[in-house]
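Computed from heavy atoms alone, side chains included, the values below leave out hydrogens, waters and symmetry copies.
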Amino acid sequence: MNRKKGLVILEDGAIFYGKSIGIEGTAYGEVCFNTGMTGYQEIFTDPSYYGQIMVTTNAHIGNYGVYVGEAQSDGIMISGLVCKNFSFPYSRVSSKESLFKYLEKHKIVTISDVDTRALVGYIRDHGAMNAAITTQTNELESIQKKLSMIPKMEGLELASKVSTEKPYFFGDENAQYKVAVIDLGVKKNILRKLSALDIYVKVFPYNSTYKQILLWEPDGYLFSNGPGDPQPLIDAQKLAKIIIDKGLPCLGICLGHQVMALASNVKTFKMFNGHRGINHPIINLETGRGEITSQNHGFAVDKNSVEQQPNLTITHQHLNDGTVGGLSYGSDYCFSVQYHPEASPGPNDSDYLFQQFIHKIKQYQTQEIINS
């Protein structure tokens, strides 16, 4: 294969060199890196990465192919891929096709043979920024001009790009419980986890109202993960405020956690680099137990702002930088976490949070019977 020269162009003018894997073109987006040693398919299909250029720190990408059951959405969500060594052949029995065919089908521009150690080090030192990756190396000036006009992630509403347009169901309609999932960019494994706990799920668009959802009479609510800045999601914040004020059973994950915090008069902020990987340490402040977690977020909840709200309690904390990892909201029934208890990829240390959600639904229903 005659592989063309490829470039990674950062908005501050820095350029890193590599080679095209054979998918030609130019892609734009915020450049970020994930430190996971496995799970590349789950990462590429995670709606939280919509519009981002992914740099993988693992040296080998593609070596075990792709398997349909590991996809977290119906397509690839990253806008482009940068890696060190790209493997065209693969060697896993359950895989159905190569990563190259998968990327080619979705027209994902990919640049390999990049010094990813140097690139990641540069991003860590200079912060997250927009970038372009291209095989059109003779059009550098026009690419840089277009790159300068790409909007920043801060203030960017992206949930509408990945949310369902119409409500849909997931799981067994005869399940014991019903949970409404507000789709800000939900991963399929969240739905699978809920279904496995005898929950029938109805997934609602990101801008659904409380009245629309209430017609289904759910037992609980879940605000999902998703891409972009939480601050523009005004409709979701209004919905979260109603649910929190009523003290209904509710779980927020990642972007959903940030939306619930904003609904509680707590500020969020754009992180310098963000947390993206499957080995992030969290301490559960209620139990004193540590968790190794899967994380993927470029925004976070402001800790000082939380501490000014008497009805909020920090339940989890990131051990690397002390950022807020989880919150509880006044009543006994609403809580949220900044990380991904459904993993995919990642460890299962936080799987108990789904059990905790079910327990809170049961508690709420028992209390309702007592009060009736």
Carboxylate-amine/guanidinium contact [X] [Y], below 4.0 Å:
{"X": "Lys187", "Y": "Glu342", "value": "yes"}
{"X": "Lys107", "Y": "Glu24", "value": "no"}
{"X": "Glu141", "Y": "Lys146", "value": "no"}
{"X": "Asp349", "Y": "Arg289", "value": "no"}
{"X": "Glu97", "Y": "Lys105", "value": "yes"}

Exercise for the section: Indicate the atoms forming the closest heavy-atom contact of Leu158 with Tyr50, along with that distance. Expected result: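 Minimum heavy-atom separation between Leu158 and Tyr50: CD1-O, 3.8 Å.
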Exercise for the section: Give the minimum heavy-atom separation between Leu10 and Ala131, together with the two atoms involved. Expected result: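 Nearest heavy atoms, Leu10 then Ala131: CD2-CB, 3.6 Å.
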Cluster overlap [X] with [Y], hydrophobic side-chain contacts below 4.5 Å:
{"X": "Leu194", "Y": "Phe335", "value": "yes"}
{"X": "Leu99", "Y": "Ile23", "value": "yes"}
{"X": "Leu197", "Y": "Leu353", "value": "yes"}
{"X": "Ile61", "Y": "Ile278", "value": "no"}
{"X": "Val82", "Y": "Leu147", "value": "no"}

Heavy-atom distance under 4.5 Å between the side chains of [X] and [Y], does that happen here?
{"X": "Leu239", "Y": "Ile243", "result": "yes"}
{"X": "Ser264", "Y": "Ile244", "result": "yes"}
{"X": "Ile253", "Y": "His340", "result": "yes"}
{"X": "Asn207", "Y": "Ser160", "result": "no"}
{"X": "Leu285", "Y": "His316", "result": "no"}
{"X": "Cys83", "Y": "His60", "result": "no"}
{"X": "Phe299", "Y": "Met271", "result": "no"}
{"X": "Ser91", "Y": "Tyr64", "result": "no"}

[X] atom [atom1]: more than 12 heavy-atom contacts under 6.0 Å:
{"X": "Lys19", "atom1": "NZ", "result": "no"}
{"X": "Tyr67", "atom1": "OH", "result": "no"}
{"X": "Asp125", "atom1": "CG", "result": "yes"}

Judged by atom type as modelled, is there a donor-acceptor pair below 3.5 Å linking the side chain of [X] to the main-chain atoms of [Y]?
{"X": "Asn273", "Y": "Arg124", "answer": "yes"}
{"X": "Thr116", "Y": "Thr57", "answer": "no"}
{"X": "Thr313", "Y": "Asn311", "answer": "no"}
{"X": "Ser98", "Y": "Pro89", "answer": "no"}
{"X": "Asp183", "Y": "Phe204", "answer": "no"}
{"X": "Lys267", "Y": "Leu262", "answer": "no"}
{"X": "Gln212", "Y": "Thr209", "answer": "yes"}
{"X": "Ser163", "Y": "Ala159", "answer": "no"}
{"X": "Arg3", "Y": "Ser20", "answer": "yes"}
{"X": "His318", "Y": "Asn320", "answer": "yes"}

How long is the span from the [atom1] atom in [X] to the [atom2] atom in [Y], to the nearest 0.5 Å?
{"X": "Ile199", "Y": "Leu191", "atom1": "CD1", "atom2": "CG", "value": "10.5 Å"}
{"X": "Gln237", "Y": "Asn265", "atom1": "CD", "atom2": "CG", "value": "10.0 Å"}
{"X": "Leu103", "Y": "Phe86", "atom1": "CG", "atom2": "CZ", "value": "5.0 Å"}
{"X": "Ser328", "Y": "Tyr333", "atom1": "OG", "atom2": "OH", "value": "13.5 Å"}
{"X": "His275", "Y": "Ser294", "atom1": "NE2", "atom2": "OG", "value": "13.0 Å"}
{"X": "Cys254", "Y": "His297", "atom1": "SG", "atom2": "NE2", "value": "6.0 Å"}

Practice task
Could you walk me through whether Gln136 and Thr26 pass side chain to side chain donor-acceptor pair (under 3.5 Å), step by step?
Solution key: CA-CA 7 Å; Gln136 298 164 315; Thr26 301; 2.5 Å; yes
Handout entry: CA sep, side-chain torsions, deciding dist, call: Ser344, Asn189, side chain to side chain donor-acceptor pair (under 3.5 Å)
Key = CA-CA 7 Å; Ser344 290; Asn189 210 44; 2.8 Å; yes
Handout entry: Option among Lys96, Arg92, Lys188 that satisfies the salt bridge (charged side-chain N to carboxylate O under 4.0 Å, His left out) test with Glu70
Key = Arg92
Exercise for the section: Using the salt bridge (Lys or Arg N to Asp or Glu O under 4.0 Å) rule, take Lys145 and Glu139 through it: C-alpha gap first, then chi angles, then the decisive distance, then the call. Expected result: CA-CA 10 Å; Lys145 183 177 181 179; Glu139 300 178 20; over 6 Å; no
Exercise for the section: Name all pairs fulfilling the salt bridge (charged side-chain N to carboxylate O under 4.0 Å, His left out) condition that reach into residues 243-263, sequence neighbours left out, sorted by first residue then second. Expected result: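 Checked against salt bridge (charged side-chain N to carboxylate O under 4.0 Å, His left out) - neighbours excluded - the pairs reaching residues 243-263 are Lys241-Asp245.
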Problem - Ring center gap for Phe354 and Tyr352 short of 6.0 angstrom - result: no
Problem - Test of ring centre spacing under 6.0 Å for Phe169 and Tyr200 - result: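 Yes: the rings meet the under 6.0 Å criterion.
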Practice task
Give the intermediate values and the outcome of side chain to side chain contact (heavy atoms under 4.5 Å, CB included) for residues Val66 and Ser95.
Solution key: CA-CA 5 Å; Val66 295; Ser95 292; 5.7 Å; no
Practice task
Test Leu215 against Ile213 for side chain to side chain contact (heavy atoms under 4.5 Å, CB included), laying out the working first.
Solution key: CA-CA 5 Å; Leu215 292 173; Ile213 297 173; over 6 Å; no
Fill in the blank from the handout: Across all chains, not counting sequence neighbours, the side chain to side chain donor-acceptor pair (under 3.5 Å) partners of Thr56 are none
Exercise for the section: Check the pair Asn296, Asp46 against side chain to side chain donor-acceptor pair (under 3.5 Å), reporting the backbone distance first and the verdict last. Expected result: CA-CA 9 Å; Asn296 169 21; Asp46 181 351; 3.1 Å; yes
Handout entry: Derivation of the salt bridge (Lys or Arg N to Asp or Glu O under 4.0 Å) call for Glu173 and Lys202
Key = CA-CA 10 Å; Glu173 63 179 341; Lys202 188 173 184 180; over 6 Å; no
Exercise for the section: Report the C-alpha distance between Gln72 and Glu42 in whole Å, list the side-chain angles of each, state the deciding distance to 0.1 Å, and finish with yes or no for side chain to side chain donor-acceptor pair (under 3.5 Å). Expected result: CA-CA 6 Å; Gln72 294 303 306; Glu42 294 96 315; 5.7 Å; no
Problem - Whether Tyr122 and Phe16 hold their rings parallel, tilted or perpendicular, with breakpoints at 30° and 60° - result: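 Perpendicular, since the angle between the ring planes exceeds 60°.
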Problem - Modelled atom types, side-chain donor and acceptor of Tyr206 and Thr164, under 3.5 Å - result: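 There is no such pair (donor and acceptor under 3.5 Å, judged by atom type) between the side chains of Tyr206 and Thr164.
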